[in-house]
Amino acid sequence: MPSPRYRREMPQRYRLEAAKCKKCGKLFFPPRLVCAACGSKGFDKTKLSETGTIISYTIIRVAPADFATQVPYAIAIVESDNGARLTTQVVDCKPEDLEIGKKVKFVFRKLYTEGHTGIICYGYKAVLV
Amino acid sequence: MREVAVIGCGMTKFGELWEKSLRDIFVEAALKAIDDAGVDHIDSMYVGAMTPGLFVGQEHISALMADYLGVAPIPAMRVESACCSSGMALRLGLFEISSGHSDIVLVGGVEKMNDGADATYALATAADQEYEVYQGVTFPGLYALIARAHMHRYGTTRKQLAAVSVKNHHNGAMNPNAQFQREVTLEQVMNATLVADPLTVLDSSPVSDGAACVVLTSVDFAKQLKAPLVKILGSGAATDTLALHSREDITALKAVKVSGEVAYKMAGVKPSDIDVAEVHDCFSIAEICIIEELGFTEKGKGGPFTEQGNTALEGKIPVNPSGGLKSKGHPVGATGIAQVVEVVEQLRGKAGKRQVKNATIGLTQNMGGSGASSVTHIFKI
């Protein structure tokens, strides 16, 4: 991830910043410029709940180069308690501990070390609660 | 608006084509299609390709292919919509002829995935780079998330997923252009190496090289040529959220449903009128979701519908007689037009051992990413 692009996404990756449509109340993560539900363009800045529920999950066993040393790792789609969904790794657990419907908490972690320069990329992951 | 027909088709064998370059395979398929059509020129061309830039470091392939096909200075355009690039390209060819702008248009697709690029990375660029791929998601991973949710909600079984691969390999074993011309068993699929649980390597389409082309013209012009004529009755395309997690129901492929509904409406046919279908089985679960969205069976019933043999060659609605992406191979940019090549051959009654009996109306459905774009066409002989 080239650094300008990495820096731009920090509010989402570090602080889970989201946007709530002023008109219909739908929550978007990451923030957008147009509400996909009602077409309105006004948003309030807000934050994802720090807990959520597993909608689905998988264990990645063949990964792209940046993640190759981490396999096998768990990936889940999680719905935050305030209603936005995201894709995240679920860590500090065994694959067999995962289930649809289980509760998780978001945590701040290292995601991967990038390419030859070794820049460390951070962001959110989830752990079972 | 003029009616449009497919009058010629051609494709390379799909597989690991180490001795042939990106340009060679496109030209090979294009020459076959032009020869099959019996035309002495083409007015313009569209080339579908997902990412030749990442796979072989070559962009601007519209001009490259026109140059090497020896047809410059005709206009040529590259079309990209991930794995449905050439399905989308077909729409542009259709519109160009139906509008009366051109009389003969070549539409093709090509991808060279085996020249040393990191295919997992290149394919993942069709997902959301910032919010899916950044977390370590892969394409098998995205379809595994769909599969797990489908199994949880509808009771779809591991064995039903495997039945898709078994059926498609059975068909592909009869296709001389297929990458894997061999059968697999339910046990082999279920016990194969896991790629992303619950999907194994035998639930997954392969990394392939290949090209496919068709020649289109107006129905009136086709009659003068006395060429075998397959009409394009309907065309529908649609989009959905790029990230899988943004969808309210991750087992629903809304773009597939909408692209199908638009194509059915334009063609004036219903799902029960379709005699043969080629659909985008990039993973076994994809075929199950797609046959539900296209109305061949009810939502949630795609697993048992497949297991009961309804989508087999002799079934109620034969799906992927070519072997599908799973067995025939999936050079991503070429897949959409390769599906058209199969349906045209089926409608012409020239599909050999895998011929579907008395097929007169055929459907192709081609999809990009985890279902963020889809294009459906309906054909009639």
Side-chain angles (χ1 to χ4, degrees), chain A residues 1-2 5-6 8-10 12-13 26-30 32 36-37 52 54-80 83-91 95-96 98-101 109 111-112 114 121-126, chain B residues 54 117-125 127-154 156 192-201 203-204 207 239-252 254 283 285 370:
Chain A
M1 183 75 42
R5 196 167 154 186
Y6 180 74
R8 261 195 318 265
E9 305 300 323
M10 278 180 182
Q12 285 73 54
R13 300 218 170 106
K26 191 168 165 67
L27 185 71
F28 290 94
F29 180 82
R32 318 179 156 211
I54 295 179
I55 301 295
S56 189
Y57 68 95
T58 181
I59 312 296
I60 304 285
R61 298 181 188 270
V62 180
D66 283 334
F67 292 87
T69 57
Q70 299 183 32
V71 290
Y73 55 89
I75 287 271
I77 290 178
V78 171
E79 182 166 308
S80 72
R85 289 183 180 185
L86 50 73
T87 300
T88 177
Q89 288 193 28
V90 186
V91 293
E96 55 269 28
L98 294 170
E99 265 176 52
I100 291 175
R109 293 289 169 91
L111 270 287
Y112 62 92
E114 183 184 285
C121 297
Y122 296 95
Y124 49 82
K125 289 186 181 178
Chain B
L54 288 177
D118 178 351
T120 304
Y121 168 78
L123 291 169
T125 60
D128 187 327
Q129 278 297 313
E130 315 284 7
Y131 291 93
E132 290 182 315
V133 181
Y134 184 79
Q135 301 295 127
V137 159
T138 61
F139 259 97
L142 290 168
Y143 280 93
L145 290 164
I146 296 175
R148 179 91 65 191
H150 202 280
M151 293 163 95
H152 180 79
R153 176 179 295 193
Y154 298 112
T156 304
T193 305
L194 282 164
V195 179
D197 312 26
L199 301 181
T200 73
V201 69
D203 287 296
S204 318
V207 170
T239 52
D240 199 352
T241 65
L242 189 70
L244 176 66
H245 61 235
S246 301
R247 298 176 201 161
E248 257 171 61
D249 176 0
I250 65 166
T251 67
K254 206 189 280 177
F283 296 92
I285 183 62
S370 57

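Naming convention: chains lettered A, B, ... in sequence-line order (proteins, then strands); numbering from 1 in each chain. Any value given below was found using the heavy atoms of this structure, including those in side chains, with hydrogens, waters and symmetry copies removed.
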Worksheet item: Any side-chain heavy atom of B:Thr138 within less than 4.5 Å of one from A:Pro64?
Response: yes
Item to complete: Heavy atoms only: give me the nearest A:Thr58-B:Ala144 pair and the separation to one decimal.
Response: OG1-CB, 3.3 Å
Discussion item. Looking at chain B, which one of A:Ile100, A:Leu111, A:Val62 has the largest number of heavy-atom pairs inside 4.5 Å, strictly under?
Written reply: A:Ile100
Worksheet item: Closest approach of B:Gln135 and A:Thr87, non-hydrogen atoms and distance?
Response: CG-O, 3.2 Å
Worksheet entry | Which portion of B:Val133 sits near chain A, non-hydrogen atoms under 4.5 angstrom | backbone
Practice prompt. Kindly indicate whether a cation-pi arrangement holds for A:Arg5 with B:Tyr134, taking the cut-offs as under 6.0 Å to the six-membered ring centre and within 45° of the axis.
Written response: no
Worksheet item: Do you know which of B:Val195, B:Leu244, B:Thr120 has the most heavy-atom pairs with chain A at a distance under 4.5 angstrom?
Response: B:Val195
Fill in: Taking every non-hydrogen atom, the tightest pair across A:Arg13 and B:Glu130
NH2-O, 2.6 Å
Fill in: Nearest heavy-atom neighbours spanning A:Ile75 and B:Gly136
CD1-C, 4.0 Å
Practice prompt. Quick one: closest heavy-atom pair of B:Gly141 and A:Ile60, and the distance?
Written response: CA-CD1, 3.7 Å
Worksheet item: Given side chains that start at C-beta, do those of A:Ile59 and B:Leu194 come closer than 4.5 Å, heavy atoms only?
Response: no
Discussion item. Between B:Asp197 and A:Arg61, is there a side-chain heavy-atom distance shorter than 4.5 Å?
Written reply: yes
Discussion item. So if I apply the ring pair (Phe, Tyr, Trp, His ring centres under 6.0 Å) rule between B:Tyr131 and each of A:Tyr124, A:Phe29, A:Phe28, which one comes out positive?
Written reply: A:Phe29
Practice prompt. Pick one of side chain, backbone, both or neither for B:Ala149, based on which atoms fall under 4.5 Å of a heavy atom in chain A.
Written response: both
